[in-house]
Every structure is written in C-alpha cells, then in structure tokens.
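Below: the structure, in structure tokens.
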Amino acid sequence: VADVSHELKTPLTSIMGYADTLLEGGYDEETQTKFLNVIASESRRMARLVTDLLTLSRYDSNKKKTRKETFDLGDLVKRCQEKLAIEIKKKGHKVTSFVTADVPPVYADKDDIERVVLNILTNSIKYTPDNGEIKIYVGFVYNDAYIKIFDNGIGIPEDDIRYIFNSFYRAGNVREYHGQGIGLSLSMRILKVYGGRISIDSCQGQYTKVTVIFKSSPKTK
Ligand code: ADP
C-alpha cells in the first residue's frame, strides 16, 4: 500500500506543481505547452495505475462479473498502439505490428484483455531506451490465438525472471523507472480466468519477449 500510494503521490505532486506554476502566469506559449504535456502524461499514468488497482481488487474479491464477448486481437492491438501513441513518440520508438490473416477471435472480457496488452506494451515502451524497436505479432497455432510483444530494451536479469509475475515484484535493474510491479501479476490473473497464458523470455541488456496465448473456446470455434 505504501509503495502504491507513493506511486500515486509522485505524479500528483508534479501535476499540482505544474498547474500552480501555470496559474502564476507569465510564461511563453512554448513553456506553457511543455508544462501542459507533463500534466497530461502524468494524469494518464495515474489513471492507468488506478484502473489496474481497481481491476486487481475486482479479481481479488472473486465477485468479478465477466462481460464476455467475441473480438478480434488485431483490432485490439491497433487500439492499444493508438492509446499509447504519445508515449511511443516521446521515446522515439519504432513500433511495428504484424497481424496474420484469419486469427481466431477471442471470447473474453475485452476491456480486461486490453489492460493486459496495454500493460505489456507500456513496459516495452518504458524499459526500452530511446529510439528502440518494438515488434508485435498477432497470429495463431492450431486454434489458439497469440500476441507476442518483442522489444530490444534493458531486459530482465536472469535471477529476477522467476519472480516477475509476483505482485509488486520489480527487477533489480529498473529502480530508476517508475512502476509498481502490478501489471504482470494482474495480467496473469486476468488471463487465467479466460484460459489464457502469459510467459516471458528475456536477456538482460538485449531483449524481452512477452507471449500471451488464448486457448480457443467453444464460442470461437
Ligand atoms: P512495473 O513495470 O510497474 O514495475 P510490471 O508488473 O508490469 O510492473 O512488471 C514487473 C517487472 O518486470 C518490472 O518492474 C520489470 O522489472 C520487469 N519487466 C516487465 N516488462 C519488461 C520489459 N519489457 N523489459 C524489461 N523489464 C521488464
């Protein structure tokens, strides 16, 4: 709770600081835009964290009402890319997606699966130094659809990989980055409900590859 509160307080403090400064007035347009950009991106970061926490508590309480529907993974990936366009541009990353034809549709809670993809993609953007390369593959094996997100970022130390899906766990090489260690454990929790799986393969200093597989359900056959 202390860690998460800290994560909420940090962006709030900078939002308040920049808003107060803007209210004092007297800044040129370029500076004002710079401040507004900080306010916008910090607010989005907070909103994402709060949504993650709410989703986590929804899954924890076991009262989760599933709103299942059939949807296309390629469309979902495209939407996630659009939602993170500002963050991608800010870091100068090149993000390419490759979507195979005829990927079986997925039957699950679309918003929650979107959270999974947003979390994985946010990590790739965050943990890859400027001007990195992120590749997203959407395809299928037999009838199981998959998404693979690959980045050429800082990677995960070998000793940390086995703990990476534990709540609040963060690897030793990410201390200088904001984060709370919720995204991956939440993603695993969500996928379990829909018979999905998530796995991670990484080499420190070289790459990280996250694979999400959706077992085909009777609805999607
Ligand atoms: P957060 O990113 O907020 O710390 P996550 O649960 O999403 O939390 O990720 C847990 C940890 O896994 C991260 O702190 C980081 O150490 C590691 N990690 C996840 N994705 C990547 C990635 N693409 N590159 C490097 N490390 C990653």
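Residue numbers start at 1 and run along the sequence shown. Whatever order the structure lists them in is the order used to number ligands and atoms, beginning at 1. Side chains are part of it too, since the values below use all heavy atoms of this structure and drop only hydrogens, waters and symmetry mates.
Protein heavy atom nearest atom 2 (O) of ligand 1, with residue, atom name and distance: Tyr127 OH, 2.7 Å. At the shortest separation from atom 3 (O) of ligand 1 among protein heavy atoms lies Gln180 N, 2.9 Å. Nearest protein heavy-atom neighbour of atom 12 (O) of ligand 1: Ile164 CG1, 3.1 Å. Nearest to atom 23 (N) of ligand 1 among the protein's heavy atoms is Asp151 OD2, 2.9 Å. Distance from atom 6 (O) of ligand 1 to its nearest protein heavy atom, with residue and atom name: Leu184 N, 2.8 Å.
Side-chain atoms of Ser97 and Gln81 form a donor-acceptor pair, as typed in the model, at a separation below 3.5 Å. For the residue pair Thr55 / Asp52, no side-chain donor-acceptor distance below 3.5 Å is found, with atom types taken as modelled. One side chain, Tyr169 or Asp160, offers a donor N or O that lies under 3.5 Å from an acceptor on the other.
Counting non-hydrogen atoms of neighbouring residues, nucleotides and ligands closer than 6.0 angstrom, the CZ atom of Phe165 exceeds 12 such neighbours. Shown here is Lys91, whose NZ atom has more than 12 heavy atoms of other residues, nucleotides or ligands within 6.0 Å.
Annotation for ligand 1: atoms under 4.0 Å from non-hydrogen atoms of Val174 are 14 (O), 15 (C), 16 (O). Ligand 1 places these atoms under 4.0 Å from at least one heavy atom of Ile182: 6 (O), 8 (O).
Interatomic distance, CZ of Arg45 versus OG1 of Thr122, reported as 11.5 Å (0.5 Å rounding). Thr51 contributes atom OG1, which lies 9.0 Å from atom CZ of Arg48 (distance to the nearest 0.5 angstrom). Atom OG in Ser202 sits 5.0 Å away from atom CD1 in Ile161 (nearest 0.5 Å).
Considering backbone and side-chain N/O atoms, Arg170 comes within less than 3.5 Å of an N/O atom of ligand 1. Any N or O atom pair closer than 3.5 Å counts here, and Tyr169 shares no such pair with ligand 1. Polar contact check, Ile156 against ligand 1: no nitrogen or oxygen pair lies under 3.5 Å apart. Backbone and side-chain nitrogen or oxygen atoms of Ile200 are examined, and none is located within less than 3.5 angstrom of a nitrogen or oxygen of ligand 1. At under 3.5 Å, not a single nitrogen or oxygen of Gly179, backbone or side chain, sits near a nitrogen or oxygen of ligand 1. Not one N or O of Ile154 is nearer than 3.5 Å to an N or O of ligand 1, by distance alone.
Under a 4.0 angstrom heavy-atom cut-off, Gly155 registers as being in contact with ligand 1. Between Lys126 and ligand 1 there is a heavy-atom distance shorter than 4.0 Å.
Using a 4.0 Å cut-off between charged side-chain N and carboxylate O, Glu87 and Lys126 make no salt bridge.
Residues Ile213 and Ile120 are members of separate hydrophobic clusters, defined by side-chain heavy-atom contacts under 4.5 angstrom among Ile, Leu, Val, Met, Phe, Trp and Tyr.
Distances from atom 24 (N) of ligand 1 to the heavy atoms of Asn119, Leu121, Thr208, Leu49 show the closest one on Thr208. Compare Ile161, Asn123, Thr128 by their heavy atoms: the one nearest to atom 19 (C) of ligand 1 is in Asn123.
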Salt bridge (Lys or Arg N to Asp or Glu O under 4.0 Å) for Asp151 and Lys209? Distances and angles first, verdict last.
CA-CA 7 Å; Asp151 66 62; Lys209 187 174 106 185; over 6 Å; no

